[in-house]
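Accompanying notes for the structure given below.
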Amino acid sequence: MQPSDLSTVEQRGCHGGTHGVYRHASAATGCEMTFSVFRPAGIERPPVLFYLSGLTCTWENATTKAGAQRYAAEHGIALVFPDTSPRGDDIADDDGWQLGQGAGFYLDATEKPWAPHFAMERYCAHELPDMVCEAFGFDTGRMGLTGHSMGGHGALTLAMRHPDRFRSVSGMAAIVAPSRVEWGQGALAAYLGDDPQAWAEHDACALVASRGWRHDILLDQGLADGFYAGLRPEWFAAACAEAKVPLTLRLHADYDHSYYFVQSVIGDHITWHAERLK
């Protein structure tokens, strides 16, 4: 059974289960949001993994390119693919690809013109999980986060900011230190103002130092990634070592930032989450 304001855009059979696209009016963002869900067959109250996508993406990129549903079906785990930002003609936007629609950074903006709608932390950490678990019968006590690029940033920061909600976290080519690289500082300043402490609350390296994480973390990174200089997974490895947080960091020669990389490692990530969410 679905909430009355949740409408079905489409549903298809997929790896023995069902993959659907849904739309609803979000109280957090103040606009209509679209997301997709893979539901494995024959399992009551399955655990659920939220996949957060990167800059310029929508829910559709990982849904169609990552190949995640096959592995989720094998492990009996549900998948939810949120959008990356609020959208619409009346929603603030920017001409660049690192800010505005498609670039919500999984935080709650405090600055104009973003604050009225850009509440992606509230949406992804509270509103959406509560709604999909109720609507589809997923287990709220067994939720995990993963993501690619900006989505890896969102997975790491939301997990550490909401450890009571999420039991497992991983990332692929994740942005781990946006407050320490120029383009990340620009986005954080636009959304949160000029306070570096506010930035640190949405920086994975700073958060693992200040809050830690009670479980382990998996991170994959391609060494042929053209964005590597702005990602710096070694900074996160050093922060985890200092905080005594177990991290598995896997570096892959010849792999770039694309979904060819994501689809090459997504099976390992789903297996990893399934083991921790059982």
Side-chain angles (χ1 to χ4, degrees), residues 38 46-54 57 62 66 68 71-72 75 77-82 84 104-107 120-126 128-130 132-133 138-178 200-221 231-251 261-262 265-278:
F38 172 73
V48 56
L49 179 62
F50 292 81
Y51 180 103
L52 307 184
S53 290
C57 293
Y71 302 102
H75 290 286
I77 188 169
L79 299 173
V80 177
F81 303 87
T84 53
F105 273 87
Y106 303 102
L107 51 77
M120 291 303 291
E121 178 173 9
R122 272 183 287 155
Y123 181 69
C124 290
H126 293 288
L128 184 62
D130 289 346
V132 296
C133 287
F138 302 154
D139 189 346
T140 56
R142 295 189 293 158
M143 300 194 299
L145 283 164
T146 191
H148 172 239
S149 192
M150 180 185 72
H153 147 82
L156 293 169
T157 59
L158 292 182
M160 286 185 277
R161 286 173 60 81
H162 303 275
D164 57 325
R165 300 238 74 190
F166 301 105
R167 282 176 46 183
S168 60
V169 64
S170 71
M172 293 159 274
I175 299 168
V176 297
E201 287 298 309
H202 299 278
D203 180 297
C205 287
L207 283 171
V208 80
S210 64
R211 302 194 183 203
W213 176 248
R214 65 185 184 274
H215 306 301
D216 53 353
I217 299 172
L218 172 63
L219 196 64
D220 276 291
Q221 176 65 56
L231 300 176
R232 305 303 294 266
E234 67 274 14
W235 291 354
F236 189 64
C240 286
E242 181 69 21
K244 294 182 171 52
V245 172
L247 171 69
T248 299
L249 172 60
R250 307 192 305 179
L251 302 175
F261 168 61
V262 173
V265 299
I266 191 66
D268 292 342
H269 282 250
I270 291 176
T271 299
W272 191 88
H273 283 275
E275 290 172 350
R276 285 151 182 79
L277 294 175
K278 285 182 180 178

For [X] and [Y], work out which heavy atoms get closest and say how close.
{"X": "Met172", "Y": "Val262", "value": "SD-CG1, 4.0 Å"}
{"X": "Cys205", "Y": "Ala177", "value": "SG-CB, 4.1 Å"}
{"X": "Cys240", "Y": "Ile217", "value": "SG-CD1, 4.5 Å"}
{"X": "Cys124", "Y": "Leu158", "value": "CB-CD1, 3.9 Å"}
{"X": "Ala155", "Y": "Leu145", "value": "O-CD1, 3.6 Å"}
{"X": "Pro233", "Y": "Leu251", "value": "CG-CD2, 4.4 Å"}

Nearest 0.5 Å, what's the [atom1]-[atom2] distance between [X] and [Y]?
{"X": "Leu247", "Y": "Leu218", "atom1": "CG", "atom2": "CG", "answer": "8.0 Å"}
{"X": "Leu49", "Y": "Tyr71", "atom1": "CG", "atom2": "OH", "answer": "14.5 Å"}
{"X": "Arg250", "Y": "Asp220", "atom1": "CZ", "atom2": "CG", "answer": "4.0 Å"}
{"X": "Ser170", "Y": "Ile270", "atom1": "OG", "atom2": "CD1", "answer": "9.0 Å"}
{"X": "His273", "Y": "Thr146", "atom1": "NE2", "atom2": "OG1", "answer": "4.0 Å"}
{"X": "Ile77", "Y": "Phe138", "atom1": "CD1", "atom2": "CZ", "answer": "10.5 Å"}

Flag side-chain contact, heavy atom, 4.5 Å: [X] against [Y]:
{"X": "Pro47", "Y": "Met143", "answer": "no"}
{"X": "Leu249", "Y": "Phe236", "answer": "no"}
{"X": "Glu234", "Y": "Val176", "answer": "no"}

Distance-only, no hydrogens or angles: does the [X] side chain make a donor-acceptor pair with backbone N or O of [Y] under 3.5 Å?
{"X": "Arg161", "Y": "Arg211", "result": "no"}
{"X": "Thr84", "Y": "Cys57", "result": "yes"}
{"X": "Arg142", "Y": "Val48", "result": "no"}

- Message: Run Tyr106 and Glu121 through side-chain contact (heavy atoms from CB on, under 4.5 Å) and show every step you take.
- Response: CA-CA 5 Å; Tyr106 303 102; Glu121 178 173 9; 5.9 Å; no
- Message: Applying side-chain contact (heavy atoms from CB on, under 4.5 Å) to Asp216 and Thr248, what does each step give before you reach the verdict?
- Response: CA-CA 8 Å; Asp216 53 353; Thr248 299; 5.8 Å; no
- Message: For a quick check under 3.5 Å, do Ser53 and His148 share a side-chain donor-acceptor pair by atom type?
- Response: no
- Side-chain H-bond candidate by donor/acceptor type, His215 with Ser168, under 3.5 Å: no
- Might you confirm whether atom CD of Glu242 has over 12 heavy atoms from other residues, nucleotides or ligands at distances under 6.0 Å? no
- Item | Ring centroid separation His126 to His162 under 6.0 Å | yes
- Message: Looking at Arg167 and Asp139, is any side-chain nitrogen of the basic one under 4.0 Å from a carboxylate oxygen of the acidic one?
- Response: no
- Going through the checks in order, is the ring pair (Phe, Tyr, Trp, His ring centres under 6.0 Å) test met by His153 and His202? CA-CA 8 Å; His153 147 82; His202 299 278; 7.4 Å; no
